[in-house]
Amino acid sequence: MSFSDKVLEKTKQIPKGKVTTYKLLAKACGNSRAGRAVGNTLNKNICSYLSNAKKNNKIPCHRVVYSDGRIGGFSKGIKRKVVLLHEEGIKVKNGRILDFENVLFKF
DNA sequence: ATATTGACATTTA
DNA sequence: ATAAATGCCAATA
């Protein structure tokens, strides 16, 4: 099992309505400092939550954000990411997650 | 083995 | 508060 495989597995565990950070995800995969590598993995793997919704593939990569409560990146544009988060009840204002600590999922 | 590339994170100015 | 400078890591070429 490669690092990126673990990342995808862990990402699937994030419950709806919650988010986690690249850092925590990295730690959950064995290396607390691999946040950057986590981002790369999510970017390369086409983690389509919308377009591939039919398939069993759903990897909620939009639930992964920066450790400081900012949104972070998204392959289809962060605007899309914000919309998805809103649909799950997570509020975002000025590029920041409101009540961040409260919606943060820790493994 | 070396270099490059990012959806990161901290520290410093 | 904002920006730049470092440090970091896995995958890829």
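Numbered from 1 within each chain, the chains take letters A, B, ... in sequence-line order.
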Considering only side-chain heavy atoms of [X], which listed nucleotide, [options], is closest?
X: A:Lys44; options: C:dT12, B:dA7, C:dC9; result: C:dT12
X: A:Arg36; options: C:dA10, B:dC8, B:dA7; result: B:dC8
X: A:Asn31; options: C:dC9, B:dA7, C:dA11; result: C:dC9
X: A:Lys23; options: C:dC8, B:dG6, B:dT10; result: B:dT10

With respect to the phosphate group of [N], does any side-chain polar atom (N or O) of [X] fall under 4.0 Å of OP1 or OP2?
X: A:Ser67; N: B:dT10; value: yes
X: A:Ser4; N: C:dA10; value: no
X: A:Asn40; N: B:dG6; value: no
X: A:Tyr66; N: B:dC8; value: yes

Report summary line: Value for CD1 (A:Ile59) from CD (A:Glu9), rounded to nearest 0.5 Å, stands at 8.0 Å
Given atom [atom1] of [X] and atom [atom2] of [N], what is their separation to the nearest angstrom?
X: A:Phe74; N: B:dG6; atom1: CZ; atom2: P; value: 18 Å
X: A:Leu8; N: C:dA11; atom1: CG; atom2: P; value: 11 Å
X: A:Ile78; N: B:dC8; atom1: CD1; atom2: P; value: 12 Å
X: A:Leu25; N: C:dC8; atom1: CG; atom2: C1'; value: 16 Å
X: A:Arg33; N: B:dG6; atom1: CZ; atom2: P; value: 23 Å
X: A:Asn94; N: C:dA1; atom1: CG; atom2: P; value: 12 Å
X: A:Ile71; N: B:dC8; atom1: CD1; atom2: P; value: 12 Å
X: A:Leu24; N: B:dA7; atom1: CG; atom2: C1'; value: 16 Å

Under 4.0 angstrom, heavy atoms only, what part of the nucleic acid is [X] near: base, sugar-phosphate, or nothing?
X: A:Ala37; value: base
X: A:Phe3; value: sugar-phosphate
X: A:Gly35; value: sugar-phosphate

Query raised in the report: Does any non-hydrogen side-chain atom of A:Lys23 lie less than 4.5 Å from one of A:Val38?
Result: no
**Report entry** Any A:Tyr22 side-chain heavy atom under 4.5 Å of A:Leu42 side chain
**Finding:** yes
**Report entry** Atom C1', compared across C:dC8 and B:dT5: separation rounded to whole Å
**Finding:** 13 Å
Query - Separation between the C1' atoms of B:dG6 and C:dG7, rounded to whole Å - result: 15 Å
Query raised in the report: Do other residues, nucleotides or ligands put more than 12 heavy atoms under 6.0 Å from the CD1 atom of A:Ile78?
Result: no
**Report entry** Which atom of A:Ser67 lies closest to which atom of A:Thr21, heavy atoms considered
**Finding:** CA-CG2, 3.7 Å
Report task. Looking only at non-hydrogen atoms, find the nearest pair between A:Phe74 and A:Arg80 and report the distance. Result -> CE2-CG, 3.9 Å
